[in-house]
Amino acid sequence: MDFRELPPVKEQLMKCVRCGKCRELCPVFKEIGVESAAPRGHVFMVQMLRDGKVEPTPEVYDRLGQCLMCETCSANCPSGIDVHELNAAARAYLSQTNPNWGKDLLFGNFWTKPDLMKQSIKLASLAQRLGLQKLARNIGLTRILPGDLKDAEKILDHIPPRSARSTLPAFTPAQGDTRYRVGYFLGCGTDFLSPEIAQATVNVLSRNGCEVYIPEGLKCCGLPHIANGKLDVARQLTIHNINLFQKLNVDYIITDCGSCSATLTEKNLRFVLQGTPYQEDAAAFAARVMDLTVFLIDVLDIRVDVHTGQKWKVTYHDPCHLVNAQGITAQPRELLRRIPGVELIEMPNAASCCGGSGTYSVTHHQVSMQILDKKMSNAASTGADVLATCCPSCIMQLNHGCRRSNWNAEVVHPVVLLDRVYQEALTTV
Amino acid sequence: MNHVDIKKELIKMLGPDKVLTDELDLMYYSYDSSFLTKLQPVTPNAVVLPTSTAEVQAVVRLAYEHGINIIPRGAGTGETGGCVATEGGIVIDLSRWREIVEIDVNNMQVVVRPGVIHADLNDELAKFNLFFPPDPGSSKMCTVGGMVANNASGLRAVKYWTTEPYVLGLEVVTPTGEVIITGGQQARCIKNVSGLNLTKLMVGSEGVLGIVTQIRLRCFPRPKARGIAMAVFDHLDDAPATVLEVYQAGVLPSGIEILDGSAIKAVNDFKPQINLPDAEAILLFEVDGNPPGVEYEGQIIKEVAGRRARQVEWSTDKQRMAELWEGRSITAAAAARVRPDGSRIFAGEDISVPISKVAEVLRAIRALGDKYGIKVVNYGHIGDGNVHCAPVINPEDPHEVELVQKLVDEIHLLAIEMNGSTTGEHGVGAARRGYAVLEHGSAVEYMKKVKNAFDPKGIMNPGKLF
Ligand SMILES: Cc1cc2nc3c(=O)[nH]c(=O)nc-3n(C[C@H](O)[C@H](O)[C@H](O)COP(=O)(O)OP(=O)(O)OC[C@H]3O[C@@H](n4cnc5c(N)ncnc54)[C@H](O)[C@@H]3O)c2cc1C
Ligand code: SF4
Ligand code: SF4
């Protein structure tokens, strides 16, 4: 499809009055300080592209690619412009005109096939544990991505040996009476980087009266593809996943990953599926998708009636894809408050980006680290011993931040803490 | 020296991180918030991002030597194309230079570099119970340097006036490359009438006389309390009459804002939950100070406004005040909503007229809108007669663009005819320079002489002001 026909380009581009409000909100602009990194600058460049005033070159992609898709600008633009969508639309157009074998391989092939991905991650992880950094570099993600690899690959240092899906059953029954049938959208980040979250999610849902289904053949939500100009691949993945869940007759589709739930909102799916006959299916699908913390608080209204005597000082980092893309801030905090032993301490600027954003920490390593260092100093200022957040990509980045700043905090998803309380209470009964 | 050599020289002086020469990177400096530069963006020949007086001076000296235009730029939130290289040259972007040099609490003043963001400055000052009162709507994004250059003001100008009275002294790199300090070499006093007042001359000079590299600002104690009154009118004329009556009753609110019928509709369309009453005009009064005084003045406003208004609400409750004020603060953004395929534009957006003529002017603007078939949303700082009109058009339709330019021209002429000015706070820049002689007559010649004394080669932000 012609990128000029995509809704944000067609309807929103002209509405930008270049007021500049977004400049000061953008985490990348704050570090770089040049207009080409400002959201307003991206809107301008998309317009230049649309009007044929600049050629669709890799250099234009580089400028637009500075955006880490945190959606802070979009959430705050007084003219209601989805700056990140404009950017994604332009990236898709630029990718079509400038094929990049590395990205094609990674996002067109590797990241669409769960098995292939699993094998590679396994190999990468094995190699790392054997100290074969060089081999890891050659087979892992870092080979295909540009940037400061030597330092950047440290972020990927701690890839667990086994993915979540290789250990979790396709069906887990509810404990006690069944309240809901839940499909679990087990995203790539949770699956490969933080499988302990997946285990905790299944445990907690089951314990609170939910049957949990993990559909066979579930694929990536498509966010990495949207962000990397592979809108067509994202479209295929989305249609595949919608079909998959249509077959499962579930009440809710739950995900513990903020980026997955943000990608699966109706608004975003409309953008991805523009021009396909799947708009209505997408709306029905999106209506059932819910972030895990929202489900636990707003739908299940869980009460935790067990204690372990353990105490945690917890501070919470808002993942961009929850706070900016979906306005979700209260439920993760409420969930933490409901976990016995948790004392919640707010950090300054909890909603500012951590600079992780999937592959950004590898492709734009230096800026990403600058953003991260600010985040870590805010987080550490609370004196907390646990840093909680609801996105595996943030967790990976924040873990790296803890190592960088020598801050000995545990970085977890709230559901992992909750599950720990349940499990420890069981063993101490 | 040719262009290539100049660029090389700039990089040699400032280092590669502070110089942009790639054509693509330069394009991003072809605009500010003005409609003018949206229609006609102009790409500069180079951009530099200095963070010291020595660096600014080095660039200016090079430019002076070779007769190259130099254009200072803050955050590029100006509405007039003021920071755009409309006649080519080197843009000097000062927005990275964000140092608060000193908060001198004992002398109630602060020294800053030009790139500090207005809201950031006030956040820091708040730690000492101080504030820098002018408050442009662009507070969260504009630089203090840009405010000084444009003599910016805002909602609270009624009581606190503009940037100018707060500027105690400046460090300026002149267009010939010298560094001067205005307001006294070592002065830390607040009152100072010695010498010709170059500080005052620089404030509002829109970057045509030199580059401001350091600013010494007076601060005020932070008020402890606030209250807001909303008065709803069935007849537009009653709004300005009420403003005068409140003044006559001995009350000087910090701000008085008006939304006319078009703005009320726009706000309600944009955010139905705000639910402003349907009316010809709404006035919002803000009072600040100490709690008893705020309450006392609030009651007077309530009583005085109640004589003409259909309904008056007075509140000091934080939540309610935020709701009432939200109606005003989102107007600028909401304006576009009067038309689904429309965008508000920043042109003809800042006229200033005598308070007594505000109603007449608003009616005349409505008639002009009808004449050209263009929706215009009106709001503004009625307390000082500064009216913001927001024409809403489809900027991609050349016919509408042509029409709106005629409309804007008529709005500017209307302001002059009504004993007002084409701009109350946003400035002249490139967008309004055509009205200089009409507004100032032969005084423009003296403006040019002043400029020439500072800038004999005419390299300093040419094509602006007149
Ligand atoms: C949504 C919105 C709301 C606004 N609300 C208000 C308002 O309420 N009141 C108001 O007064 N204005 C308002 N403005 C206009 C604008 O924000 C102000 O004029 C602001 O002061 C400009 O600052 P800037 O840093 O963006 O300067 P720029 O736009 O970058 O530059 C403005 C002018 O200053 C010159 N300049 C900048 N820095 C220097 C320097 N260091 N030395 C010499 N010259 C310099 C430039 O050459 C240019 O002529 C608004 C703008 C927007 C987009
Ligand atoms: S905040 Fe919105 S309207 Fe303003 S410059 Fe950014 S994208 Fe444009
Ligand atoms: S999405 Fe985030 S990183 Fe991208 S332009 Fe907007 S604020 Fe900046």
Side-chain angles (χ1 to χ4, degrees), chain A residues 4 7 9-26 29-51 53-66 72-73 76-81 94 348-349 366-367, chain B residues 17-18 20 22-35 37-38 41 47 49 51 73-79 91 93 95-98 115 117 119-120 137-142 270 329-337 340-346 349 390 393-397:
Chain A
R4 294 167 188 82
V9 183
K10 215 172 157 189
E11 294 153 21
Q12 296 188 346
L13 205 46
M14 64 158 181
K15 288 188 181 284
C16 175
V17 290
R18 313 229 197 284
C19 69
K21 182 171 180 200
C22 49
R23 260 172 63 108
E24 286 306 309
L25 295 168
C26 173
F29 176 80
K30 275 191 219 162
E31 297 306 325
I32 302 181
V34 290
E35 190 73 23
S36 67
R40 170 174 76 170
H42 297 318
V43 178
F44 166 77
M45 193 43 68
V46 177
Q47 191 191 333
M48 293 297 106
L49 263 182
R50 183 203 61 176
D51 296 346
K53 300 232 169 91
V54 296
E55 293 299 316
T57 59
E59 287 72 35
V60 173
Y61 196 109
D62 284 349
R63 305 302 187 281
L64 290 169
Q66 296 179 91
T72 315
C73 50
N76 290 285
C77 167
S79 306
I81 298 170
L94 287 159
N349 296 328
Q366 199 189 334
V367 184
Chain B
D17 285 351
K18 292 182 176 176
L20 305 176
D22 184 291
E23 191 61 24
L24 205 53
D25 290 324
L26 298 177
M27 282 181 83
Y28 291 91
Y29 292 81
S30 62
Y31 57 79
D32 61 2
S33 304
S34 63
F35 187 53
T37 59
K38 206 173 173 187
V47 174
L49 301 122
T51 50
R73 181 180 173 103
T77 69
E79 316 277 25
V91 164
D93 180 343
S95 68
R96 264 194 196 168
W97 195 7
R98 300 184 171 205
I117 300 295
D120 292 349
S138 47
S139 162
K140 290 206 170 114
M141 58 261 198
C142 75
F270 183 29
S329 59
I330 66 160
T331 318
R337 311 286 164 136
D341 64 341
S343 168
R344 73 86 45 103
I345 58 162
F346 285 112
E349 81 296 341
I393 63 162
N394 175 353
E396 317 236 291
D397 178 340

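Chain naming here is simple, since letters A, B, ... match the order of the sequence lines and numbering starts at 1 in each. Only a predicted model underlies this, so the values are computations on that prediction, with no experimental measurement involved.
- A side chain to side chain contact (heavy atoms under 4.5 Å, CB included) with B:Tyr28 is found for exactly one of A:Arg40, A:Met48, A:Arg63, namely A:Arg63.
- A:Ser36 touches chain B through backbone and side chain together, each having a heavy atom under 4.5 Å away.
- B:Leu20 touches chain A through its side chain: at least one heavy atom from C-beta onward sits under 4.5 Å away, while N, CA, C and O do not.
- Of all the listed residues (B:Asp32, B:Asp120, B:Thr37), the one sharing the greatest number of non-hydrogen pairs under 4.5 Å with chain A is B:Asp32.
- With values rounded to the nearest 0.5 angstrom, B:Ile345 atom CD1 is found 12.5 Å from A:Met14 atom CE.
- Looking at B:Lys140, its side chain never comes within 3.5 Å of a backbone N or O of A:Leu25 through a donor-acceptor pair.
- Neither the backbone nor the side chain of B:Phe35 has a heavy atom closer than 4.5 Å to any heavy atom of chain A.
- Considering only heavy atoms from C-beta on, B:Met27 comes within 4.5 Å of A:Phe44 through its side chain.
- Within the 4.5 angstrom heavy-atom criterion, only side-chain atoms of B:Ser30, from C-beta onward, approach chain A.
- One side chain, B:Ser95 or A:Arg23, offers a donor N or O that lies under 3.5 Å from an acceptor on the other.
- In terms of non-hydrogen atom pairs under 4.5 Å with chain A, the most contact-rich of B:Glu79, B:Arg98, B:Glu23 is B:Arg98.
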- Derivation of the side-chain contact (heavy atoms from CB on, under 4.5 Å) call for B:Tyr31 and A:Glu35: CA-CA 10 Å; B:Tyr31 57 79; A:Glu35 190 73 23; 2.9 Å; yes

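- Counting heavy-atom pairs closer than 4.5 Å to chain B, the top residue among A:Glu59, A:Arg50, A:Lys53, A:Gln47 is A:Arg50.
- Using a 4.0 Å cut-off between charged side-chain N and carboxylate O, A:Arg4 and B:Glu396 make no salt bridge.
- B:Ser138 contributes atom OG, which lies 12.0 Å from atom NZ of A:Lys21 (distance to the nearest 0.5 angstrom).
- In this structure, the portions of A:Val17 lying under 4.5 Å from any heavy atom of chain B include both its backbone and its side chain.
- Of the two parts of B:Arg344, the backbone and the side chain both hold a non-hydrogen atom closer than 4.5 Å to a non-hydrogen atom of chain A.
- Distance check, rounded to the nearest 0.5 Å: OG1 of A:Thr57 to CG of B:Leu24 gives 6.0 Å.
- For the pair A:Cys19 and B:Ser33, the tightest heavy-atom approach, listed with the atom from each and the gap, is CA-OG, 3.6 Å.
- With rounding to the nearest 0.5 angstrom, the NZ atom of A:Lys15 is 7.0 Å from the CG atom of B:Asp341.
- The most heavy-atom pairs under 4.5 Å with chain B, out of A:Ala38, A:Cys22, A:Gly41, A:Cys77, come from A:Gly41.
- Of the atoms belonging to B:Asp22, it is side-chain heavy atoms, and not backbone ones, that fall under 4.5 Å from chain A.
- Tested against A:Val34 for a side chain to side chain contact (heavy atoms under 4.5 Å, CB included), the candidates B:Asp93, B:Val47, B:Leu49 yield a single pass: B:Leu49.
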